[in-house]
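What follows is a single structure, written as structure tokens, with notes after it.
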Amino acid sequence: MKKLIGDPSAVIADALLGVAAAHPDQTVDHENRVVISGAPREGRVAIVSGGGTGHEPLHAGFVGAGMLDAACAGEVFTSPTPDQMLAAAQHVDSGAGVLFVVKNYTGDVLNFEMAADLAGDEGIRTATVLVADDVSVEDSTYTAGRRGVGTTVVVEKVAGAAAAEGRSLEDVRAVAQRVSENGRSMGVALTSGTVPAVGKPSFDLPDDEMEVGVGIHGEPGRRREKLRPASEIADEIANAIADDRDFTGEPVIALLSGLGGTPQIELYVMYGEIARALEARGIAVARSLVGDYITSLDMAGCSLTLVAADDEILRLWDAPVNTPALRWGI
Amino acid sequence: MKKLIGDPSAVIADALLGVAAAHPDQTVDHENRVVISGAPREGRVAIVSGGGTGHEPLHAGFVGAGMLDAACAGEVFTSPTPDQMLAAAQHVDSGAGVLFVVKNYTGDVLNFEMAADLAGDEGIRTATVLVADDVSVEDSTYTAGRRGVGTTVVVEKVAGAAAAEGRSLEDVRAVAQRVSENGRSMGVALTSGTVPAVGKPSFDLPDDEMEVGVGIHGEPGRRREKLRPASEIADEIANAIADDRDFTGEPVIALLSGLGGTPQIELYVMYGEIARALEARGIAVARSLVGDYITSLDMAGCSLTLVAADDEILRLWDAPVNTPALRWGI
Amino acid sequence: MGLTTDQLSGWIRGFAAAVAEHADELTALDSAIGDADHGTNLVRGTTAALERIEGASGPRALLKAVGMTFISKVGGASGSLYGSFFLEAAKASPEEGELSDVAAALRAGLASIVARGHAEAGDKTMIDALEPAVAALEGGASLADAASAAEAGRDATEPLVARKGRASYLGERSAGHVDPGAASAALLVRALAEAAA
Amino acid sequence: MGLTTDQLSGWIRGFAAAVAEHADELTALDSAIGDADHGTNLVRGTTAALERIEGASGPRALLKAVGMTFISKVGGASGSLYGSFFLEAAKASPEEGELSDVAAALRAGLASIVARGHAEAGDKTMIDALEPAVAALEGGASLADAASAAEAGRDATEPLVARKGRASYLGERSAGHVDPGAASAALLVRALAEAAA
Ligand SMILES: Nc1ncnc2c1ncn2[C@@H]1O[C@H](COP(=O)(O)OP(=O)(O)O)[C@@H](O)[C@H]1O
Ligand SMILES: Nc1ncnc2c1ncn2[C@@H]1O[C@H](COP(=O)(O)OP(=O)(O)O)[C@@H](O)[C@H]1O
Ligand SMILES: [Mg+2]
Ligand SMILES: [Mg+2]
Ligand SMILES: [Mg+2]
Ligand SMILES: [Mg+2]
């Protein structure tokens with residue numbers, strides 16, 4: 001394992017020291033592993049998210065004015081505990097309630113449920129928006145359902161902007177929910193990531209193969225294929241998304257995220273092909289982001305997310321935001 | 001080679017298609033491989049940079065209001081040609097002259113020199129600021145001198161802000177030069193990058209070793225060592241920089257850049273250790289950036305840059321900027 | 001067949017020891033069809049639990065401490081599910097004296113896993129090891145036989161296609177691997193049998 | 001010993017062929033102490049040059065076209081340096097007829113490399129191959145002998161510590177490798193000897 005770390009079991013505590021040093025606008029509750037925004041929130045809804053570590057900048061990189069009020073960091077690829085989520089809610093609630101943004105994984109769902117109960121006991125109102133956007137996973141009521149991936153970034157941005165407008169918890173949740181329902185994602189991996197505590201890649205992948213339909217937790221994908229040129233990969237993921245939901249006739253927010261080990265030059269090559277593939281399907285990209293937004297440690301690969309955006313979502317997307325990983329208008 | 005690309009010899013043209021699709025604020029001259037800012041520049045100095053491809057977001061990611069007016073993309077790790085630089089200058093000159101920001105590599109220096117001659121022939125005034133900040137290279141008049149690395153980002157930002165204030169070419173050059181002289185950098189690599197046209201890593205590095213004192217062109221470093229914990233690596237690079245120039249008593253801009261294949265969690269672990277190491281040396285960080293800013297394809301590793309900043313440099317650093325990779329205040 | 005507080009704390013110590021011994025194996029199982037943290041998660045949980053059960057008086061307090069520790073220290077699916085298991089088992093246990101109806105306590109714990117996780121037998125989860133064990137106890141089997149039933153249940157997860165938990169994301173590719181949670185649950189029941197012996 | 005325009009264009013074709021044949025080798029040398037692009041750079045330059053010299057009339061126009069092509073198509077250190085070499089060699093060549101003073105033309109080209117790059121013999125650059133070749137010609141040696149001198153100069157770069165170009169960043173570690181530019185320069189002189197033969 002080649003990583004810029006110290007003791008593998010201290011990687012999260014160590015990274016939070018770096019976050020605290022790099023971002024004086026944020027406060028870090030090191031005991032509970034919660035990163036808290038320095039932006040004012042008197043009287044407005046607070047947005048809290050969290051999940052396993054290893055997906056940076058998600059979530060702590062999106063803590064700041066116009067986006068998240070707090071993020072909880074779990075162990076690597078492990079949902080945080082209800083205690084952490086409760087601490088986050090207590091840090092940021094100012095009476096208007098707290099929206100939990102939860103990615104659909106059994107652990108995250110269960111722990112946020114418990115946290116909501118605990119928060120209720122403490123007199124904090126909470127609501128939850130669940131993100132389950134990965135089209136490579138079958139959508140079935142008999143299973144755990146789809147994973148939550150890239151749409152989370154858009155949900156957090158839009159929810160944060162709605163909260164900044166002073167809207168009610170119900171209102172904020174409603175628009176966040178709309179984003180969640182209108183987002184779809186799909187990812188491919190060229191290499192496996194390595195969990196620091198494990199020390200070796202989660203799976204082996206021959207030099208000429210890739211995993212199609214991967215999530216963000218180092219799990220293998222839906223299937224393994226020969227490595228193909230960027231154009232074919234772009235067609236495959238764009239079509240899988242477009243086949244799952246019709247994105248024509250609506251403005252679309254497109255997010256192409258690296259998975260942690262992929263340099264920008266490759267992401268731009270991919271985005272060129274994605275833009276071509278979407279245009280061929282009659283999909284009009286209104287806003288785009290290309291870079292590392294939701295990652296899986298040092299995995300090489302990328303994921304594409306499309307969110308169909310109505311006028312309100314677009315307006316909230318464009319609203320000012322000031323976080324380490326997403327910033328405009330401020 | 002596992003990369004999200006098509007034909008390896010077309011990687012730059014393909015990436016520029018992605019840039020054009022992702023950033024409607026920029027214009028791409030595909031023939032000359034020049035990325036041009038959409039920001040107005042009537043009557044003010046224009047800032048032009050460029051270099052080999054493979055260092056993204058440097059330089060095209062810094063094209064936009066308050067930073068670069070244009071960037072030329074050479075082949076991978078190869079300086080652009082004078083024709084490209086001339087085309088860039090012609091695109092953006094509005095009579096007030098053009099500042100070339102040049103990293104100190106023989107190829108870049110020679111080609112920008114020729115471009116300056118050609119621009120002069122076309123009636124375009126140019127000035128040049130050279131960045132040569134890598135302390136791992138001996139500073140000697142008998143050699144090619146130090147490489148230009150991370151300080152380039154700060155030079156481009158500050159020069160762009162000075163140009164935006166409407167200052168003269170001489171003035172803009174002077175402050176850019178001050179940044180250049182007051183910046184120092186050093187990098188370490190855990191893996192070699194792979195040049196697409198070559199298809200295999202530029203050097204082999206055993207699983208338990210690292211290269212200390214690397215540049216951004218896949219060249220091996222000054223020496224090879226056993227891989228060490230982040231704290232020791234941080235001490236080594238922070239001390240190498242601090243031994244080369246005294247940074248105490250001045251506000252410092254600190255930039256910790258990944259080299260392309262390193263995920264953010266590791267960069268934050270490193271930054272925590274860097275912050276500690278700098279504090280121990282009595283160095284006060286006034287502004288910091290942690291992320292991928294100057295990279296070397298998919299190399300794993302990081303580089304640290306410190307720039308001693310006077311009040312004017314800090315003010316220009318804080319001025320609004322709107323580029324794909326650096327944005328605030330707009 | 002009542003269990004003393006000492007025996008119950010022996011159970012937790014035995015489970016902790018088994019988890020420590022098999023941590024790499026559990027993580028390897030989770031690498032194949034999950035996210036490579038099940039061993040680390042349980043080591044974290046059992047290590048913390050051992051500190052908290054020191055001097056717990058009575059079965060209920062002891063099991064409750066274990067449940068709270070799992071919930072507050074582990075995270076992930078297993079932290080929440082094993083945490084609920086112990087919390088509900090605690091509620092079905094007496095405050096003082098011996099835990100006499102072990103089957104009822106385990107059933108209560110298992111029921112809360114089902115209630116929280118909405119999985120059923122055959123979904124390729126820890127339930128596939130726990131359900132046959134509890135059913136065996138309810139049918140009058142010994143704890144040792146229950147542990148064997150759990151192990152058989154664990155092994156039976158191998159050919160299954162997962163419908164719950166992360167392994168479900170792999171679809172057909174989840175078949176051919178033992179479920180990590182079923183493997184840890186088999187260790188849990190075996191540790192109980194050994195603590196009672 | 002004059003060279004016709006045809007022979008000069010044969011030189012460039014021969015150099016292009018040699019570069020194509022040795023591209024991987026040149027890049028491998030550049031991987032060891034540079035940035036792994038010298039072979040690719042020269043293939044790009046010579047391929048483009050072949051297109052531009054079609055029908056060039058006279059030594060000067062031909063060499064100028066090669067120089068301009070290198071400058072506008074290659075980039076990097078070698079594009080600029082080889083480009084200057086050909087441009088200045090062109091200036092020292094007649095517009096029509098034969099290039100009779102080959103040594104003078106090559107000296108002019110080499111001088112411009114030195115003027116631009118500020119390197120001298122022993123700095124571990126292309127100059128270490130070119131300088132002995134030009135000096136040999138100036139001393140009356142044959143082109144074939146000059147090519148051998150270039151090859152000897154190339155080989156002599158192996159133990160040197162680089163003082164110019166990217167290899168200088170490696171300090172002592174640059175010793176033990178042949179300089180890629182010296183290797184391509186030796187191909188250049190050898191191609192000239194063969195075109196003239
Ligand atoms: N809905 C569920 N019901 C019961 N058990 C589940 C459920 N989801 C997951 N599990 C169990 O949890 C185990 C995984 O635990 P662990 O790896 O610690 O958590 P995570 O999946 O969050 O990484 C699975 O192997 C499975 O046995
Ligand atoms: N200052 C210099 N003077 C003469 N030759 C040089 C100088 N700098 C570099 N070279 C030559 O250029 C070669 C490298 O060319 P190339 O790899 O194509 O360019 P780059 O170094 O820009 O990648 C070196 O091997 C060396 O022979
Ligand atoms: Mg997990
Ligand atoms: Mg080069
Ligand atoms: Mg797991
Ligand atoms: Mg080179």
Side-chain angles (χ1 to χ4, degrees), chain A residues 1-7 11-12 14-22 53-54 56-57 61 190-191 193 207 210 227 229-231 233 256 260-276 285 288-292 295 297-298 300-302 322 324-325 327-330, chain B residues 1-7 11-12 14-22 53-54 56-57 61 190-191 193 207 210 227 229-231 233 256 260-276 285 288-292 295 297-298 300-302 322 324-325 327-330:
Chain A
M1 172 177 54
K2 301 194 100 167
K3 288 185 189 286
L4 293 167
I5 59 172
D7 176 358
V11 66
I12 293 150
D14 289 347
L16 287 174
L17 289 172
V19 168
T53 292
E56 292 63 40
L190 305 193
T191 66
D207 258 3
M210 64 178 182
L227 184 58
S231 57
I233 299 173
L256 180 69
T262 293
Q264 287 192 11
I265 183 171
E266 296 179 38
L267 291 181
Y268 278 105
V269 169
M270 273 299 295
Y271 191 73
E273 299 292 353
I274 294 280
R276 176 196 49 70
V285 175
S288 65
L289 281 182
V290 177
D292 277 5
T295 64
L297 294 172
D298 49 354
C302 69
N322 178 358
R327 183 166 182 180
W328 53 71
I330 325 187
Chain B
M1 173 177 53
K2 300 194 102 168
K3 288 184 189 286
L4 293 167
I5 59 173
D7 177 357
V11 66
I12 292 150
D14 289 348
L16 287 174
L17 289 173
V19 168
T53 293
E56 293 63 38
L190 305 192
T191 66
D207 258 3
M210 63 180 183
L227 184 58
S231 57
I233 298 173
L256 181 69
T262 292
Q264 287 192 10
I265 182 170
E266 296 179 38
L267 291 181
Y268 278 105
V269 169
M270 273 300 296
Y271 191 73
E273 299 292 353
I274 294 281
R276 176 196 50 69
V285 175
S288 65
L289 281 182
V290 176
D292 277 4
T295 64
L297 294 172
D298 49 355
C302 69
N322 179 0
R327 184 166 180 179
W328 54 71
I330 324 188

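In what follows, chains are A, B, ... by sequence order, proteins preceding strands, each numbered from 1.
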Checking heavy atoms, do the side chain of [X], its backbone, both or neither come under 4.5 Å from chain B?
X	answer
A/Ile233	side chain
A/Val11	both
A/Ile265	both
A/Thr262	both
A/Ala22	both

Which heavy-atom pair separates [X] from [Y] by the least distance, and what is that distance?
X	Y	value
B/Tyr271	A/Gly18	CD2-O, 3.7 Å
A/Gly6	B/Pro229	CA-CB, 4.3 Å
A/Pro324	B/Tyr268	CB-OH, 4.4 Å
B/Leu4	A/Gly301	CD1-C, 4.0 Å

Picking from B/Ala230, B/Gly272, B/Ala21, B/Gly193, which has the most non-hydrogen pairs under 4.5 angstrom with chain A?
->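 Looking at each of B/Ala230, B/Gly272, B/Ala21, B/Gly193 in turn, B/Ala230 comes out on top.
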Tell me which of these, [options], has more heavy-atom pairs under 4.5 Å with chain B than the rest.
options	answer
A/Ile5, A/Leu297, A/Thr295	A/Ile5
A/Asn322, A/Thr53, A/Leu289, A/Asp207	A/Asp207
A/Leu17, A/Leu190, A/Asp14	A/Leu190
A/Gln264, A/Lys2, A/Glu56	A/Lys2
A/Arg276, A/Met270, A/Met1	A/Met270
A/Val19, A/Leu267, A/Val285	A/Val19

Okay, side chain of A/Glu266, backbone of B/Lys3: is any donor-acceptor separation there less than 3.5 Å?
->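 No; zero donor-acceptor contacts below 3.5 Å.
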